[in-house]
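See below for the structure under consideration.
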Amino acid sequence: MSGNGNGTEREQWGSRMGFMLAAAGSAVGLGNIWRFPYVTGKNGGAAFLIIYLAMVFCIGASVMLAEFAIGRASKRNSVGAFRKLKGGAWPIVGWLGLIVAFLILSYYAVIGGWTLAYIFKSFTGLMTAGGVEDVQNIFLTFIADPVQVIAAFFVFMALVVVVVYRGVGEGIEKYCKVLMPGLFIILIILMVRALTLPGAAEGVAFYLKPDFSKVTGTTVIDALGQAFYSLSLGMGILITYGSYISNDEDLPKSVATVTFLDTMVAFLSGLVIFPTVFAFGVDAGAGAGLSFIALPAVFSKMWGGPVWSALFFALLFIAALTSSVSLFEVVISYCMDELKWTRARSSWIMGIAIFLVGIPSALSNGAMDIKLFGMGFLDGLDWLCNNLLLTTCGILICIFAGWVVGDRMKKEVTNDGSRPFALLSPWTWILKVVAPAAILVIIYNGLK
Ligand code: PHE
């Protein structure tokens, strides 16, 4: 282990498996379950899938490898990493990532609270609602109720604090080792249920039938944007997680595993969503509408509805929790390295700070009229973070790893030359040219 500069030893992952489940836990989030299937169905099914796989494995994985390498080479939080490897103005990139992580968590945890509340609501009234309209009313009433949403948000945030407070190995890793296998099991159960519904085949056909006529320039941009968000890139999460990786870990192999797991969950989610909504002829959209309205309406018509519904929201809850934990660790690792706070102190203070900053997001869905960029506050913040901040940070990370500290990065991914990495030269060129150019296109498109 190497010290973190303030006299105490830096924490490390206890096992390779634990680290990969934690990183996969960060990547597997609401985006995999409620966004990926929709984007795929809309963009030509299998045709989109091929493009998505290319984006994830070429560009996404390259940026992930760069983040892990920056983290492990510096053994610092996202700000300290840039300072240690280069200094100058570069720590600003770390700052940007830190701020994005803080802001995203402030509203991501609000939605995490909704998923938690819905596990319980599955057993109290939600499943006896008549049709889609009633379920929609229940949802709109719930998110507009300040008491319920704030309470759920608070509890969710408290759970994030509890996990992170215990530390990297004893907290994040231990919980992810239980939660992630749990998530896979729930996903498989729901998939088997969905695929055995009458009419499931039609849903699968809609999801996967290749339709190349739907592939346009926007498709490629959608694929890249989804890949970037889904792998949790561009906000220092993987730099932070990378800083706890041991020096003999094979970084490219870890990247391949995490990317594979993330893609698998996204793909299988589609096999839950489409057969289910098609079997009952409900409109499949994306996001909150799909998860909190369309699917519960379907479950309510199924035998054992409350159980399917609770399982589905448990799936969303775990996905949201492990992603939130990774966002929080970015902030905590900064407070510990740079402000020299203890983990306990960092966790409580930042937990409360994020809760307070998240209150407008929690209240902006009907309880109060709080706007940002002409949208509800939560949606506006989401737009700002995803379309602008996260992507800008992503480009700068690529440029840093590709042009500024390229040689150091090559040493890092090959473990000082002891583990040859066959794709070293394509990787460098992706970082230097391909990824920054591609991300610029996403930003441009997002601003239009
Ligand atoms: N990767 C997560 C998802 O797919 C989203 C996320 C992004 C989570 C950034 C945390 C940080 O939903």
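Fair warning: this is a prediction, and the values are worked out from it, not measured in the lab. Counting starts at 1 for both ligands and their atoms, following the listed order.
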(message) Heavy atom to atom 7 (C) of ligand 1, shortest distance: which of Tyr229, Phe328, Trp34 holds it?
(response)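 Among Tyr229, Phe328, Trp34, the closest heavy atom to atom 7 (C) of ligand 1 comes from Tyr229.
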For the residue pair [X] and [Y], does the interplanar ring angle fall in the parallel (under 30°), tilted (30 to 60°) or perpendicular (over 60°) class?
X: Trp13; Y: Phe19; value: tilted
X: Phe48; Y: Phe36; value: tilted
X: Phe317; Y: Phe156; value: perpendicular

Per-atom contacts, ligand 1 versus [X] - under 4.0 Å to a heavy atom:
X: Ala27; result: 1 (N), 2 (C), 3 (C), 4 (O)
X: Asn32; result: 3 (C), 4 (O)
X: Met235; result: 9 (C), 11 (C)
X: Leu327; result: 10 (C), 11 (C)

Indicate whether any N or O donor in one side chain lies under 3.5 Å from an N or O acceptor in the other, for [X] and [Y].
X: Tyr175; Y: Arg166; result: yes
X: Ser269; Y: Asn32; result: no
X: Thr40; Y: Gln226; result: no

(request) Looking only at distances, please establish whether an N/O atom of ligand 1 is found under 3.5 Å from an N/O atom of Ser326. (result)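 No, no N or O pair falls under 3.5 Å.
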(message) Is there a polar contact, in the sense of an N or O pair closer than 3.5 Å, between Val28 and ligand 1?
(response)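 Such a contact does not occur with ligand 1.
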(request) State which residue, out of Tyr207, Phe280, Tyr38, fulfils the ring-ring contact (aromatic ring centres under 6.0 Å, His included) condition with Phe274. (result)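 Looking at Tyr207, Phe280, Tyr38, the match for Phe274 under the ring-ring contact (aromatic ring centres under 6.0 Å, His included) is Tyr207.
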Could you tell me the residue and atom name of the protein heavy atom closest to [atom], and the distance to it rounded to 0.1 Å?
atom: atom 8 (C) of ligand 1; value: Ser323 CB, 3.6 Å
atom: atom 12 (O) of ligand 1; value: Gly31 N, 2.7 Å
atom: atom 6 (C) of ligand 1; value: Ser232 OG, 3.9 Å

(message) Quick check on Phe120: does its CZ atom have over 12 non-hydrogen neighbours (other residues, nucleotides or ligands) under 6.0 Å away?
(response)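 Counting other residues, nucleotides and ligands, CZ of Phe120 stays at 12 neighbours or fewer.
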(message) Any atom of ligand 1 sitting under 4.0 Å from a heavy atom of Tyr108?
(response)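 Distance cut 4.0 Å: Tyr108 passes for ligand 1.
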(message) Please work out, at 4.0 Å between heavy atoms, whether the side chain, the backbone, both, or neither of Ala319 comes within that distance of ligand 1.
(response)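 Ala319 to ligand 1: no contact under 4.0 Å from either part.
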